[in-house]
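Report on one structure; see the data block that follows.
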Amino acid sequence: MTPDEFRSAGYELIDWIADYHERVGEHRVASDVEPGQVRAALDGPPPEGGERIADLIADLDDSIVPGLTHWQSPSFHAYFPANAALSSVLGDLVSSGLGVNGFSWVTSPAVTELETVVMDWMVELLGLPDQFVGNGVIQDSASSGTLCAVLAARDRAVDSGADPTRLVAYSSAQAHSSIEKGLRIAGIPAARLRVIGHDDAFAMQPDALAAVIAQDIVDGWVPFFVCATAGTTSSQAFDPVTAIAAVCRPHHIWVHLDAAMAGIAALCDELRWVNDGVELVDSYLTNGHKWMGVVFDCTFFWVADRAPLLRALSILPAYLRSDAADSGAIDYRDWQVPLGRRFRALKVWFLLRIDGPEPIRTMIRDHVAWSQLVDQWVRADDRFEVVAPTALNLLTFAVRSGDGPTQDLVGAINASGEALVTPTVLDEQRAIRVSVGGQYTKLGHLELLWELIQQLADDLDL
Ligand code: PLP
């Protein structure tokens, strides 16, 4: 493709993407294709050359879009949001168009330095502690950020003489599965992840943590890592980070705070409580790519002290050496697992410069206020019970008559194609999880969801 051909195809595709966003609410939220259907439609010998962009667009419309779950739909209430603000999509396009690989400062100084700039902007915008200034990096996913935290924590413990085969880690049962996965990748099997009890609001109990740590020390284990969560996946519980850090500090245990979706709410002054205690942790992450609107992938990850992270991940063969690095320039490849890195800062920079933080704050405030309304609607209907507090923008509720009817209702909501929610289990009780975070979700969409739920509850005779 020549630059001229790119120009005209690009205009067409920008139109196509703009149309998709404008009309995304008209699609079934979840695809109803059968397994193998998309493949069968697109299978065949690989092309030998030269098709027109119009043919690709036709296939996008006919075969790809019907096979999508529409994460940008205003009726998407499953998992967590994956907002792709169009300003951010433009930044991503520039990143692709520039085609640079910014693994070292010297491989494109602007990639590194803009990343440091936007990470420091995020410290200011989220009201994070000063020790994070200059100590942030954009990771692909929260899972990768947590893995890096585990690797840094392990390095710090081993560096101070711990036996790596005796290291043990802690989280509540509500922590995300990426904790166990990160530990496993770091050579720490699931049996060495202690699951700490939680209170009625599904938040970790610091006294229980202290007791388990004390027993582990007596038994000859070396506690090295605690993952606290600000906004757990199943019910958006907030672990008491200040109390957890107080338990960990005397034992030099690394505290990691996973605030994947919820942390970004700190863009609003009155919601800064979501990150309470963050000034006491060793590492912290929140996703740009969930609620905030930075198109996937973008995880903001900070460490209070970069030394253990760099010790764990730096590797310096001759071909990666540079005078700049020798004189102290940041090489972000040493802050992550892979070598290569995209110019992700651009999509944050575009979002913040074009839209600014204010519309994001308004969206977050609306979602939080509307979630409280839905919470009231659910509580006013005797057929349902709210299973966990609605702290921010996630509701978990169940059908009072039991797990079977709850499961049936989730199935019926999702089969309708009009909305998408996620089932979960909280202390062995099945629950319906409604995430309110889509950039195009308005109060009217939640009213429609509630009408749908009530209608289906009638139909199912709940
Ligand atoms: N941590 C929490 C609390 C989450 O809710 C999630 C996603 O559900 C993750 C981590 C994983 O996020 P990512 O997909 O960015 O790895």
Side-chain angles (χ1 to χ4, degrees), residues 69 71 76-84 88 122 136-151 169-186 193 195-196 198 201-204 225-241 244 255-266 274-278 281 283-302 336-338 342 344 347-348 367 388 391-396 420-426 431 433-438:
T69 295
W71 285 68
F76 178 94
H77 303 296
Y79 313 105
F80 40 79
N83 289 326
S88 160
M122 291 307 299
V137 60
I138 303 180
Q139 303 275 348
D140 51 6
S141 66
S143 307
S144 295
T146 293
L147 171 60
C148 289
V150 168
L151 295 172
Y170 308 80
S171 74
S172 88
Q174 301 298 313
H176 190 258
S177 54
S178 53
I179 318 303
E180 185 179 327
K181 193 169 185 177
L183 288 164
R184 213 197 289 168
I185 295 168
L193 170 60
V195 177
I196 305 302
H198 56 74
F202 300 96
M204 193 197 290
F225 182 80
V226 171
C227 179
T229 310
T232 55
T233 311
S234 271
S235 72
Q236 207 165 52
F238 289 83
D239 290 338
V241 179
I244 289 170
V255 181
H256 173 58
L257 179 55
D258 173 3
M261 170 165 74
I264 223 68
V274 296
N275 291 327
D276 273 356
V278 65
V281 306
S283 52
Y284 168 80
L285 67 79
T286 186
N287 286 126
H289 66 227
K290 288 190 169 119
W291 210 356
M292 180 176 170
V294 182
V295 61
F296 191 81
D297 50 0
C298 174
T299 297
F300 303 119
F301 174 70
W302 288 274
Q336 63 174 24
V337 174
R342 305 185 63 231
R344 291 198 190 90
K347 54 194 176 187
V348 186
H367 288 159
L392 216 56
N393 66 328
L394 186 74
L395 295 111
T396 42
L420 197 69
V421 298
T422 313
T424 193
V425 175
L426 283 162
R433 186 183 167 286
V434 176
S435 157
V436 180

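Numbers here are sequence positions counted from 1. Every number for a ligand or one of its atoms is a count from 1 in the order of the listing. Computed from a predicted structure; not experimentally measured.
- Applying the 4.0 Å criterion to heavy atoms of Gly231 picks out, from ligand 1, the atoms 3 (C).
- Checking side-chain atoms of His367 against main-chain N and O of Gly438 turns up a donor-acceptor pair under 3.5 Å.
- Here the side chain of His256 pairs no donor or acceptor atom with the backbone of Cys227 at under 3.5 angstrom.
- Residue contacts with ligand 1 for Met261 are absent, since no atom lies close enough (heavy atoms, distance under 4.0 Å).
- For ligand 1, the atoms lying closer than 4.0 Å to a non-hydrogen atom of Ala260 are 1 (N), 2 (C), 3 (C), 4 (C), 10 (C).
- Residue His289 has at least one nitrogen or oxygen atom sitting less than 3.5 Å from a nitrogen or oxygen atom of ligand 1, judged on distance alone.
- Close approach of ligand 1 to Lys290 (heavy-atom distance below 4.0 Å) involves ligand atoms 6 (C), 7 (C), 9 (C), 11 (C), 12 (O), 13 (P), 15 (O).
- Although no hydrogens or angles enter the test, the distance criterion places no donor-acceptor pair under 3.5 Å between the side chain of Gln174 and the main chain of Phe202.
- Residue nearest to atom 11 (C) of ligand 1, selected from Lys181, His176, Gln236: His176 (by heavy-atom distance).
- Looking only at heavy atoms of the protein, atom 16 (O) of ligand 1 is closest to Ser143 OG, 2.6 Å.
- A donor-acceptor pair under 3.5 Å links the side-chain atoms of Asn83 to the main chain of Gly437, judged by distance alone.
- Atom 8 (O) of ligand 1 has its closest protein heavy atom at Phe80 CE2, 3.0 Å.
- Residue Phe296 places its CZ atom among more than 12 non-hydrogen atoms of other residues, nucleotides or ligands, all under 6.0 Å distant.
- Not one N or O of Thr229 is nearer than 3.5 Å to an N or O of ligand 1, by distance alone.
- Contacts between Ala142 and ligand 1 below 4.0 angstrom, taking non-hydrogen atoms only, involve backbone and side chain alike.
- Of the heavy atoms in Tyr79, none comes closer than 4.0 Å to ligand 1.
- Only the side chain of Asn287 comes within contact range of ligand 1, with a heavy atom under 4.0 Å; no backbone atom does.
- Considering every non-hydrogen atom in both Val281 and Ser283, the closest pair reads CG2-O, 3.3 Å.
- When the heavy atoms of Asp258, Thr233, Thr286, Leu285 are ranked by distance to atom 5 (O) of ligand 1, first place goes to Thr233.
- Although no hydrogens or angles enter the test, the distance criterion places no donor-acceptor pair under 3.5 Å between the side chain of Thr422 and the main chain of Arg433.
- For the side chain to side chain donor-acceptor pair (under 3.5 Å) test with Thr299, the passing option among Thr286, Thr146, Asn287, Asp140 is Asn287; the others fail.
- Of the possible polar contacts, none joining the Thr424 side chain to the Ala431 backbone as a donor-acceptor pair under 3.5 Å is found.
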